[in-house]
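Worksheet for the structure shown next.
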Amino acid sequence: MHFLDQAKIYVRSGSGGPGAVSFRREKFIEYGGPDGGHGGKGGDIVFEAVAGLNTLIDFRYTQHFRAPRGKGGSGSNRTGAGGNDLVVRVPVGTQVLSDDKETVLLDFTEAGQREIFLKGGDGGRGNASYKTSTNRAPRQHGSGWPEEEAWVWLRLKLLADAGLVGLPNAGKSTFINAVSNANAKVGAYPFTTVRPQLGVATHHQREFVVADIPGLIQGAADGAGIGDRFLGHIERCRVLLHLVDATGDDPIEAWHVVNDELVAYGSGLEDKPQILALNKVDAVPEKDVAKLAKKLAKASGAEVMLLSGAAGTGLEPVLDQIVAALGPAPDKGNASTDTTEGDVETTAWSPI
C-alpha cells in the first residue's frame with residue numbers, strides 16, 4: 001500500500017428539498033385547504049476517524065464527495081425524505097485544514113471520533129404552513145435551503161509514542177527493525193527511508209509505537225533534501241530518540257544540524273524530551289567511542305547512550321529510557337467499549 005499523508009478534496013452537503021404546493025381534494029369535502037408538506041433536510045458531510053487506516057491514498061483517486069439532497073414534500077402534509085449523511089472515513093491522526101492550509105478545522109486523535117463538518121440545508125416549507133386567516137389558499141412554498149461546500153486539505157500526522165530523528169544513514173531504520181515488528185528498508189546510501197515507518201515495540205510488558213521518519217539534512221526547514229514535511233508525524237510523539245552516527249565525519253556537527261532543524265520547524269519539537277544515542281559503535285574502536293561520547297555529552301549537556309542497531313548491543317538501556325520517559329501505561333480498564341452509533345442513517349462515500 002502506498003503512503004500518502006496529504007490530499008486535497010472537495011466536499012458538499014446536500015441541499016434541502018422544496019416544499020410542496022398541494023390542496024386537499026376529497027369527495028364531500030369542499031374547500032379542503034392547503035396540505036403541502038415540507039421538503040426533506042439535505043445530508044450532512046461527516047468525518048469519522050477509523051482504526052486500521054494509515055494512509056490517505058484513497059483520496060488521490062476520489063476527490064469529490066457530495067451528500068444527497070433532501071426530497072421534495074408532497075400532499076397530505078407529507079414531509080420529504082431527508083438525504084443520508086455522507087461519512088468520509090479517515091485515519092486516526094488526520095487533520096482537516098482550510099484551503100490555504102492556515103487553519104486547522106478538525107483534528108482526529110481517537111478512533112471512532114465523528115464530527116459534522118458541513119450541515120445539509122433545511123427543507124423548504126410547504127404551502128400548508130403559509131395558511132393564515134386572510135390567506136386561505138396560499139400558493140407559495142419554500143425552495144429549500146442551499147448546501148454548504150468547501151475545498152479542504154487532509155493532512156495525516158501519525159500517532160506514535162516515540163519518534164526517531166537523525167541525519168540520513170544514522171541507523172534509524174536498522175534500529176526500528178531491531179526493536180519492533182517493522183520491516184523498514186535498510187541501505188548503505190542516504191535517504192533509504194522516503195516515507196514514515198511505524199513499528200510496535202514491546203519492552204518490560206509495555207507496548208509502545210515507534211515512528212521512523214526520513215533523515216534530515218541542513219536546510220531541511222527550507223526544503224533541502226526531502227525537506228521537513230515528515231516532521232509533522234512526530235509532533236504528537238511524547239519522546240524523541242536522536243540517533244547520531246558514530247562513523248560519520250563529524251558526529252558533533254551532525255547533532256547540531258538536526259537540533260537546529262527541529263528548532264526551525266517549531267511546533268514544540270525542540271521542547272520534547274530527547275534521548276541522545278551514539279549509534280554504530282560496533283564499527284568504531286572503543287577508545288574513539290569513549291572520546292566521541294564525551295564530546296557529545298559536553299556539547300549537548302545530556303547523557304549519551306551507546307548502541308548498535310545492527311549488532312543488537314545497547315538496545316535494552318535505550319528502551320529502558322524510552323519507557324521511563326513515556327511514564328506509566330494508560331489505564332484501559334475503565335475505557336468504554338461501546339461503539340454503537342446512533343440511529344442516524346448514513347451512507348459511506350463512493351467515487352463520484
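What you are looking at is a predicted structure, and each value in this text was computed from that prediction instead of being measured. The residues of the chain are indexed from 1 along the displayed sequence.
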- Decide if atom CD of Glu26 counts as having more than 12 heavy atoms of other residues, nucleotides or ligands within a radius under 6.0 Å. yes

- Message: Quick check on Asp249: does its CG atom have over 12 non-hydrogen neighbours (other residues, nucleotides or ligands) under 6.0 Å away?
- Response: no

Sidechain-backbone polar pair: [X] side chain, [Y] backbone, donor-acceptor under 3.5 Å:
X      : Y      : result
Lys172 : Leu167 : yes
Ser98  : Thr103 : yes
Asp161 : Val209 : yes
Arg236 : Gly93  : yes
Lys119 : Glu148 : no
Thr202 : Glu207 : no
Asn127 : His141 : no
Arg238 : Leu326 : yes
Asp122 : Trp145 : no
Gln113 : Thr109 : yes

Verify the cluster assignment for [X] and [Y]: are they in a single hydrophobic cluster under the rule of side-chain heavy atoms below 4.5 Å apart?
X      : Y      : value
Val281 : Leu243 : no
Trp153 : Leu106 : no
Ile252 : Val258 : no
Leu240 : Val304 : no
Leu307 : Ile322 : yes

- Task: For this output row, return yes or no: ring centroids of Phe65 and Phe47 closer than 6.0 angstrom.
- Result: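 They do not qualify: ring centres at least 6.0 Å apart.
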
Supply the atom-to-atom distance [X] [atom1] to [Y] [atom2], rounded to the nearest 0.5 angstrom.
X      : Y      : atom1 : atom2 : value
Glu235 : Gln95  : CD    : CD    : 7.0 Å
Gln274 : Trp255 : CD    : CH2   : 7.5 Å
His38  : Arg78  : NE2   : CZ    : 14.5 Å
Arg139 : Phe23  : CZ    : CZ    : 4.5 Å
Asp85  : Ile116 : CG    : CD1   : 6.5 Å
Leu306 : Asp282 : CG    : CG    : 11.5 Å

Side-chain heavy atoms of [X] within contact of [Y], under 4.5 Å:
X      : Y      : answer
Phe59  : Val88  : yes
Gln321 : Glu303 : yes
Asn279 : Asp245 : no
Leu118 : Arg12  : no
Asp99  : Lys8   : yes

Closest heavy-atom contact between [X] and [Y]?
X      : Y      : result
Tyr130 : Gly142 : OH-N, 3.8 Å
Pro251 : Leu292 : CG-CD2, 3.9 Å
His256 : Ala299 : NE2-CB, 4.4 Å
Ala7   : Leu4   : CB-CD2, 4.5 Å
Leu278 : Ala246 : CG-CB, 3.8 Å
Gly43  : Ser13  : O-CB, 3.4 Å

- Item | Full working for side chain to side chain contact (heavy atoms under 4.5 Å, CB included) between Asn259 and Leu262 | CA-CA 5 Å; Asn259 263 15; Leu262 294 179; 4.1 Å; yes

- Show your working on side chain to side chain contact (heavy atoms under 4.5 Å, CB included) between Ile29 and Arg24 and close with a plain yes or no. CA-CA 8 Å; Ile29 299 179; Arg24 182 183 180 188; 3.2 Å; yes

- Query: What do the steps show when you test Arg66 against Glu149 for side chain to side chain contact (heavy atoms under 4.5 Å, CB included), and what is the final call?
  - Reply: CA-CA 9 Å; Arg66 301 179 177 93; Glu149 60 181 356; over 6 Å; no

- Message: Let's go through Lys157 and Arg155 carefully: what are the C-alpha distance in whole Å and the side-chain angles of both, what is the deciding distance for side chain to side chain contact (heavy atoms under 4.5 Å, CB included) to 0.1 Å, and is it a yes or a no?
- Response: CA-CA 7 Å; Lys157 293 183 178 181; Arg155 180 172 64 188; 3.7 Å; yes

- side-chain contact (heavy atoms from CB on, under 4.5 Å) test vs Pro91 passes for just one of Leu154, Val50, Leu56, Asp5, namely Leu56

- Task: Just say parallel, tilted or perpendicular for the rings of His64 and Trp151, cut-offs at 30° and 60°.
- Result: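 Perpendicular, since the angle between the ring planes exceeds 60°.
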
- Can a donor-acceptor pair be found between the side chains of Asp35 and Ser22 at a distance below 3.5 Å?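 The criterion, which ignores hydrogens and geometry beyond distance, is satisfied for Ser22 and Asp35.
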
